[in-house]
Enquirer: 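Let me begin by handing over the structure; questions about it come next.
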Amino acid sequence: MLSAMLWVTAFIPPFDTDLAIAAVFGGIIEGLGLGLVLKTGFTMGGSDLLATILNIKFPSLSVSFLILVIDYVIIALGFWELGSLNAFYAIVSVFIAVKVMDIVITGAGYAKAVYVISDKYEEIGRLIMEKFERGVTTLKGRGKYTKKEKNVILCVVAKKQVAPLKRLILSADDKAFLIITEAAEVTGEGFTRK
């Protein structure tokens, strides 16, 4: 298909007047393509194939991170041939491609997971359910230093709800300990099912 599409699109003139724009849009297009291919479990046979193989050997390293490292090594090896300006734009393009690829594969991170450690967990949990109409899960935890049992609230909310949620929690307990992390994909009640 790649060979066929190169032949079909041969009439399109190369975009080489502005390298910055070419690097940005090239990275976006490459990221979309790579993301769609990798999401289905295939590879395009380039650095993504090597990254997929290395990911089997080193599962703690993501395929996207491995692609970034492999492509940066290739750019470094070809630095003298490319020249500093072209090498810089290649680095930018690869970085953008990997970021777009991550979004295609894992989602845009439209939700946040919020962990709350507070002695007023019952009140905070009730307020979250009432004001935000979100489910709340209470997890059991133990302070490593104090050895005391702690209740940890877990709640997943839309990004736009984070600021008002923080205000609500801190109004109930200004000493509450909050951890807010990216939730790349959420399925279930109140969120999209895939």
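In what follows, residues are counted from 1 in the order of the sequence shown.
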Enquirer: Do Ile91 and Ile70 sit in the same hydrophobic cluster, where Ile, Leu, Val, Met, Phe, Trp and Tyr count as joined when their side-chain heavy atoms come under 4.5 Å apart?
Expert: no

Enquirer: Give a yes or no on this: more than 12 heavy atoms of other residues, nucleotides or ligands lie within 6.0 Å of atom OH of Tyr115.
Expert: no

Enquirer: Look only at the side chain of Ser93 and the backbone of Ala23, and say whether a donor-acceptor pair between them is shorter than 3.5 Å.
Expert: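 Here the side-chain-to-backbone pair exists.
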
Enquirer: Say you draw a straight line from CD1 of Ile67 to CG of Leu50; how long is it, rounded to the nearest 0.5 Å?
Expert: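 Reported value, rounded in 0.5 Å steps: 9.5 Å.
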
Enquirer: Would you say Ile96 and Leu19 are hydrophobically clustered, going by side-chain heavy atoms of ILVMFWY under 4.5 Å?
Expert: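 Result: yes, single cluster for both.
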
Enquirer: Between Arg134 (side chain) and Met129 (backbone), is there a donor-acceptor pair under 3.5 Å?
Expert: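 Absent.
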
Enquirer: With hydrophobic residues grouped by side-chain heavy-atom distances under 4.5 Å, do Phe65 and Ile75 end up in a single group?
Expert: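 No; Ile75 is not reachable from Phe65 via cluster members.
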
Enquirer: Can Phe42 be reached from Val63 by stepping across I, L, V, M, F, W or Y side chains whose heavy atoms are under 4.5 Å apart?
Expert: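 Yes, same cluster.
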
Enquirer: Do Val156 and Lys112 come within less than 4.5 Å of each other through their side chains, counting heavy atoms only?
Expert: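 Not touching, per the 4.5 Å side-chain cut-off.
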
Enquirer: Do the non-hydrogen side-chain atoms of Val114 and Ile179 ever get within less than 4.5 Å of each other?
Expert: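 Not touching, per the 4.5 Å side-chain cut-off.
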
Enquirer: With heavy-atom distances below 4.5 Å as the criterion, would you say the side chains of Leu36 and Val104 are in contact?
Expert: yes

Enquirer: Any chance you could measure Met44, atom CE, to Met1, atom CE, to the nearest 0.5 Å?
Expert: 11.0 Å

Enquirer: Taking the side chain from Glu123 and the backbone from Lys120, do they hold a donor-acceptor pair closer than 3.5 Å?
Expert: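 No, the answer is negative, given that no donor and acceptor are paired below the 3.5 Å cut-off.
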
Enquirer: Quick check for you: to the nearest 0.5 Å, what is the distance between Ile117 atom CD1 and Ile153 atom CD1?
Expert: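 Output value for this atom pair is 10.0 Å.
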
Enquirer: Does CZ in Phe95 sit with more than 12 non-hydrogen atoms of other residues, nucleotides or ligands closer than 6.0 Å?
Expert: no

Enquirer: Indicate yes or no: does Glu149 engage Lys140 in a salt bridge with an N to O separation below 4.0 Å.
Expert: no

Enquirer: Answer yes or no: are there more than 12 heavy-atom neighbours, outside Phe79 itself, under 6.0 Å from its atom CZ?
Expert: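 Enclosed: over 12 neighbouring heavy atoms sit under 6.0 Å from CZ of Phe79.
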
Enquirer: Specify the closest pair of heavy atoms between Ala176 and Leu170, including all atoms of both residues, with the distance to one decimal.
Expert: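 Scanning both residues completely, I find the closest heavy atoms to be O-CD2, 4.3 Å.
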
Enquirer: Could you tell me whether the side chains of Asn151 and Thr138 share a donor-acceptor contact shorter than 3.5 Å?
Expert: no

Enquirer: Search all heavy atoms of Ile124 against all heavy atoms of Ser118 and return the closest pair with its distance.
Expert: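 Smallest heavy-atom distance, with atoms named: CD1-OG, 3.5 Å.
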
Enquirer: Please report the interatomic distance CG(Leu34) to OG(Ser64), rounded to the nearest 0.5 Å.
Expert: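 That separation rounds to 10.5 Å.
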
Enquirer: Are Val100 and Asp102 side-chain neighbours, meaning at least one heavy-atom pair lies under 4.5 Å?
Expert: no

Enquirer: Is it true that a side-chain atom of Asn55 and a backbone atom of Ala51 form a donor plus acceptor pair closer than 3.5 Å?
Expert: no

Enquirer: Answer whether the closest heavy-atom distance between the side chains of Val116 and Phe177 falls below 4.5 Å.
Expert: no

Enquirer: So, are Asp119 and Lys175 salt-bridged, with charged N and O less than 4.0 Å apart?
Expert: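 Not counted as a salt bridge, because no side-chain N and carboxylate O are separated by less than 4.0 Å.
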
Enquirer: Going hydrophobic residue to hydrophobic residue with side-chain gaps under 4.5 angstrom, can you get from Ile180 over to Tyr121?
Expert: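 Ile180 and Tyr121: one cluster.
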
Enquirer: Around atom CD of Glu130, are there more than 12 heavy atoms from other residues, nucleotides or ligands closer than 6.0 Å?
Expert: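 Counting neighbours around CD of Glu130, more than 12 heavy atoms of other residues, nucleotides or ligands fall under 6.0 Å, so yes.
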
Enquirer: Measuring only between side-chain heavy atoms, which start at C-beta, is Phe132 closer than 4.5 Å to Leu168?
Expert: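 Of all side-chain heavy-atom pairs linking Leu168 with Phe132, at least one is under 4.5 Å.
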
Enquirer: Look at Glu122 together with Arg126 and state whether they make a salt bridge at an N to O cut-off of under 4.0 Å.
Expert: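 No.
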
Enquirer: Side chains of Cys155 and Val157: does their closest heavy-atom pair fall under 4.5 Å?
Expert: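 Yes, their side chains come closer than 4.5 Å.
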
Enquirer: Atom CD1 in Ile56, atom CG in Leu54: separation rounded to 0.5 Å?
Expert: 9.0 Å

Enquirer: Do Asp173 and Ile169 have side-chain heavy atoms sitting under 4.5 Å apart?
Expert: no

Enquirer: At what distance, to the nearest 0.5 angstrom, does CE of Met101 lie from CG of Leu38?
Expert: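 Atom-to-atom, Met101:CE and Leu38:CG are 6.0 Å apart.
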
